[in-house]
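Keep in mind it's a predicted model, so treat the numbers as computed, not measured. Side chains are part of it too, since the values below use all heavy atoms of this structure and drop only hydrogens, waters and symmetry mates. Proteins get letters first, then strands, A, B, ... in listed order; numbering begins at 1 in each.
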Amino acid sequence: MSSLRFLPNPTHFPHLNPIPKHPPNPNPNPKPKHPFTQIHSALQYNRKPQLTGPTPRVVVITSGKGGVGKTTTTANIGLSLARLNFSVVAIDADVGLRNLDLLLGLENRVNYTVVEVLNGDCRLDQALVRDKRWSNFELLCISKPRSKLPLGFGGKALVWLVDALKARQEGCPDFILIDCPAGIDAGFITAITPANEAVLVTTPDITALRDADRVTGLLECDGIRDIKMIVNRVRTDLIRGEDMMSVLDVQEMLGLALLGVIPEDSEVIRSTNRGFPLVLNKPPTLAGLAFEQAAWRLVEQDSMKAVMVEEEPKKKGFFSFFGG
Amino acid sequence: MGVWSLQFNPPIFLIPHQVSTNALDFRPQLACNKTYQIWNGKSKYRSFLIRASANTSGEEDKSVKDEVTLTKLAKDGMVIIQHKVSRLQETIVSLPPVVFLVKRSPLSHLALGFCIAAAMLIVGVRAYVARKLRQKRTGSVADLVRRGQLNSDRRGISTPGMYDDPFNNPQVKISRNNTSVEMCGKVYKLEPVTLTREEQNIHQKRRSRAYQWKRPTIFLKEGDPIPSDVDPDTVRWIPANHPFATTISDITEDLAQNNVFQKHGVPFRIQAEHEALQKKLEALQSDQKLNNLAIDPGTARNFERPFKSNPKLEDQQQMEHNSKNGQTASQPESQSQQNSHESSSNSTYEEKQTL
């Protein structure tokens, strides 16, 4: 029932009955609890994930609302996949407002973009920027900030690009990640055109959830059925105080499988300033680890079976006062 | 007896300043009593207690009484051992409080003060070091400076580390019963996900009813006619001042596709521009030859008709002049031709350079 709240105009759909009505529940918190349920495969480490599905896996990372972390997610998941020895091409499809190159620290190496490729000013391989840290990661920008993309073949251009990447001499990349712009305008349509699956990034707030629900609907209308969500900027302290929706609440509203839950982390802004994605930080940060796990699940087309709900206070030693 | 035995327990005697005046009274007797020392051996304190119990009698009878007591002890030693536990308890009870002891001795004051000072020093040094480390670690804004995104001359350059082993991560630990996870030193409770496939399908149906949408396949400016073969639902109308709409592109769709798929060689536009330049150059060169013929002042002079006030007279003069200097008359023409040739070659050279 709660998901109805996020529909744009529920009054326009009087026949709409999104979820079968349950008998009135006196319990205000109807969420079923399974305290003794065994949690399987919460985290998987110490082995390389097994790639499932045909390559290249063309994944669009979208959200609807701006500022929820699409570009951060693209950068971190992309580099996580590269670290797991998969070849990745990240396409920044944000036409006028590209930022992925900044997050990756590659802004000084972008000389050519897709616009130049289409115009015949350069070849596609010249427009691909290879990351020096992980050579199996490449960046491709759609356009320069001040250039204009010819609109007539916006979506088709990305399809051609994907086809051209498939037919490369070096081999077909395992993953093509498309960083989608905010909104559902022409940029969104361009970005989702070649995609087979989608990662929906959202934050646990009501504005982002409404947009996410709408975007999910549009993706499903477009034939993209494999949609997983990443809940970003989760704060367990606020969830404990019931000031923030829990991840399970978000999932109940959107009804999407969980690819990852990224906790709020001050390291995100540091890594952005540094041009060094979180997942490469040493020691690893909380958000970086969560991105790694999300990348892991993306490879195996897996989803989360358990979520972190609350932080337990860690026991302090006798000498903690002295720093022990 | 109880009082004495309580006051002269061995742990207290070990510390000099804790010995009471009563204990000092007994000291000389203890030192002189060889029998006691020899006999007593290990159980020195025990006999001492007994002596303390007997100190109320006269000094003359003391030695005799001691011997008697000791012999009694030798017989009844076991009885005393049996009471060891009870005496220990009494001893513990009898211990004076720490504050009382401290108050009594200036040395203890010193030791306690030293300990407190040491503790304060450790805390202070630790706080100082932590602050120093915090100050030393510049923020990541310095990285913006390094990347040229922010202008500042005084910013430091940080050195990010590389975390390059995704397959062996010690930062993540899951409890044995899978109910909690420790990540980066923080422990989190885990709760299982409850979303079922049925619920997902219900949500999909809801959305499919709520959002009926066809992906636009064509973008038209407001006012453009809809092509006959296009579904009107798939037309995306954009305002005329939209950045996309204002973009004018001379590249056709086929050409753009070919450009994307090009793998080797010179890109299309570079080649096209090169060829266009080449053609232009050739055209310029050929044009210059024609222009030289037409505009060259040297050649133009040949066709120039001089001002003739009296043509007959001039003709006569010229005929005379030619008859006198038959060869010299042709020289200016040849010179002018040479000059014209040189000037034309110079002009073409200059044009080449500017191109």
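For the residue pair His264(B) and Gln169(A), the shortest heavy atom distance occurs at NE2-NE2, 3.5 Å. Between Arg207(B) and Gly255(A) the shortest heavy-atom distance is NH2-O, 4.3 Å. Across every non-hydrogen atom of Val193(B) and Gln251(A), the tightest pair is CG1-OE1, 3.2 Å.
The CZ atom of Phe268(B) lies 9.5 Å from the CG atom of Asn119(A); values are rounded to the nearest 0.5 Å.
Scanning for side chain to side chain donor-acceptor pair (under 3.5 Å) contacts around Glu170(A) gives Arg168(A), with sequence neighbours left out. Here Ser228(B) pairs with nothing under the side-chain contact (heavy atoms from CB on, under 4.5 Å) rule; sequence neighbours left out.
At a 4.5 Å heavy-atom cutoff, the contact between Asp121(A) and chain B is made by backbone and side-chain atoms alike. Contact annotation for Ala127(A): neither backbone nor side-chain heavy atoms come within less than 4.5 Å of a heavy atom of chain B. In this structure, no portion of Ser271(A) lies under 4.5 Å from any heavy atom of chain B. The contact between Phe188(A) and chain B is made entirely by side chain atoms (from C-beta outward), counting heavy-atom distances below 4.5 Å.
Val117(A) is not listed as a side-chain neighbour of Phe261(B), based on a closest heavy-atom distance of 4.5 Å or more. Between Trp160(A) and Glu253(B), the closest side-chain pair of non-hydrogen atoms falls below 4.5 Å. Taking the side chain as every heavy atom from C-beta outward, Pro267(B) and Gln126(A) approach each other to under 4.5 Å. Proximity of Val260(B) to Leu118(A): side-chain heavy atoms (C-beta onward) are separated by under 4.5 Å at one or more points. By the 4.5 Å heavy-atom criterion applied to side chains, Leu254(A) and His203(B) are not counted as neighbours. By the 4.5 Å heavy-atom criterion applied to side chains, Gln204(B) and Arg225(A) are counted as neighbours.
Ile269(A) CD1: 12 or fewer foreign heavy atoms inside a 6.0 Å radius.
For the side chain to side chain contact (heavy atoms under 4.5 Å, CB included) criterion with Tyr211(B), the lone passing option out of Asp213(A), Val215(A), Leu219(A), Thr216(A) is Asp213(A).
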